[in-house]
Amino acid sequence: MALRAVLRSKFGCSGLVSQLSSSYSSHGRMSLSPVVFAQRRNSSTSQKIKVDFDQSSGVAVLHMQSPPVNSLSLDFLTELCINVEKLEMDKSCRGLIITSNQPKVFSAGLDILEMYGKSPERCGEFWRAVQEMWLKIYGSSMVTIAAVNGSSPAGGCLMALTCDYRIMADNPRYSIGLNETQLGIVAPFWFKDTLVNTVGHRATEMALELGMLFSPAEGLKMGLVDQIVPEDEVLSTATQTMTKWLAVPDHARQITKSMMRKATIDKLSSNRDADIQNFVKFITKDSIQKSLRMYMEMLKKRKA
């Protein structure tokens with residue numbers, strides 16, 4: 001169950017994930033019914049997401065594999081959330097590593113095609129999926145580690161920030177950061193809050209206003225990433241690091257994580273509809289649509 005579900009069982013707070021008929025185990029994790037559990041496999045593969053779950057270690061590796069750059073489309077986000085929730089429900093899964101199977105990129109962020117020329121209803125559906133991704137990972141009771149093996153701008157950076165720990169490839173050609181203002185887009189309050197919780201208020205203010213992207217070394221210095229390693233060691237280092245995190249008793253770690261993140265989670269959970277309305281109103285403005293069109297035209301020229 002999600003972190004707030006841990007608090008719900010202990011302190012009466014509402015949870016992030018929907019109520020399920022599954023019962024809770026003595027460790028505070030949801031127990032799957034025998035039928036559901038029998039249907040689970042050690043690996044699951046789909047078009048955009050591949051999950052490898054090692055039941056002996058209790059660690060799953062989620063590989064993003066949506067060419068060319070793991071853009072966060074509605075379909076991608078839906079598939080991601082379904083896979084994360086399945087792992088969250090499985091009491092034997094204690095840790096999740098998120099990485100990319102695409103060369104040179106972790107995730108390029110939100111799919112601009114989901115925001116350009118779409119109806120308000122479609123934009124709203126897309127934004128709810130973005131919220132859901134953040135809520136499920138930021139509020140997960142699993143240990144979550146981002147194995148950032150390529151560039152991670154905008155929404156890709158947000159996904160990495162939702163994790164407990166970030167390991168990035170030490171390649172100066174790669175970058176990470178919330179650079180939305182460079183595209184004429186304003187990062188919403190929960191993007192901002194997540195970054196503030198990670199690097200502090202002043203560093204966030206500068207980074208967001210200027211739409212800054214940081215090299216791995218710069219990200220390490222400011223605390224945006226926790227560790228940089230050679231590119232071919234990102235996943236193995238994440239696996240080693242996971243062992244240290246899992247040495248801490250789950251219950252104590254989960255409650256501590258909840259105390260640190262609950263206020264930020266509650267702020268979005270209680271304002272989801274208003275946040276969606278604000279996003280739709282903003283993104284459908286003629287001036288914003290024009291900025292997105294100019295950006296897409298620039299990308300086409302680069303490819304040409």
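Residue numbers count from 1 along this sequence.
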- Note on the structure: Between the CG atom in L110 and the CE atom in M115, the distance rounded to the nearest 0.5 Å is 5.0 Å

- If you look at every heavy atom in G95 and L246, which pair is closest and at what distance? N-CD2, 4.4 Å

- Query: With a 4.5 Å heavy-atom cut-off, do L235 and N149 have their side chains touching?
  - Reply: no

- Message: How close do F76 and S66 get, counting heavy atoms only, and between which atoms?
- Response: CD1-CB, 3.6 Å

- Any side-chain heavy-atom pair from V59 and F53 closer than 4.5 angstrom? no

- Query: Does R261 count as lying over the ring of Y138, i.e. NZ or CZ under 6.0 Å from the six-ring centre, within 45 degrees of the axis?
  - Reply: yes

- Can you check whether M212 reaches N179 side chain to side chain, under 4.5 Å on heavy atoms? no

- Rounded to the nearest 0.5 Å, the SG atom of C157 sits from the CG atom of L195 at a distance of 6.5 Å

- side-chain contact (heavy atoms from CB on, under 4.5 Å) between C163 and I98: does it pass, once the steps are laid out? CA-CA 9 Å; C163 294; I98 301 176; 4.1 Å; yes

- Query: Centres of the W127 and W134 rings: under 6.0 Å?
  - Reply: no

- Carboxylate-amine/guanidinium proximity below 4.0 Å for D275 and R128: no

- Message: For T284 versus C123, what's the shortest heavy-atom pair and its separation?
- Response: CG2-SG, 4.3 Å

- Query: Can you find a heavy atom in the side chain of I145 that is under 4.5 Å from one in the side chain of D164?
  - Reply: no

- Message: Would T241 and D226 count as a side-chain contact (heavy atoms from CB on, under 4.5 Å) here? Give the steps.
- Response: CA-CA 11 Å; T241 302; D226 300 296; over 6 Å; no

- Message: Between R272 and E132 (salt bridge meaning N to carboxylate O under 4.0 Å), is one present in this structure?
- Response: yes

- Message: Quick one: does any side-chain atom of Q289 pair with a main-chain N or O of G117 as donor and acceptor, under 3.5 Å?
- Response: yes

- Polar side-chain atom of E79 near backbone of K48 as donor-acceptor pair, under 3.5 Å: yes

- Salt bridge or not for K136 and E88, using N-O below 4.0 Å? no

- Side-chain donor-acceptor pair present, Q102, N70, cut-off under 3.5 Å: no

- Distance-only, no hydrogens or angles: does the S291 side chain make a donor-acceptor pair with backbone N or O of S287 under 3.5 Å? yes

- Task: Before giving the answer on side-chain contact (heavy atoms from CB on, under 4.5 Å), spell out for T194 and L161 the whole-Å C-alpha distance, their side-chain angles and the decisive distance to 0.1 Å.
- Result: CA-CA 7 Å; T194 309; L161 286 170; 3.7 Å; yes

- Would you give the length of the straight line joining atom CD of E125 to atom CG of L77, rounded to the nearest 0.5 angstrom? 11.0 Å

- Query: Charged N to carboxylate O under 4.0 angstrom, K192 versus E205?
  - Reply: no

- Are T99 and L62 close enough that some pair of their side-chain heavy atoms sits under 4.5 Å apart? no

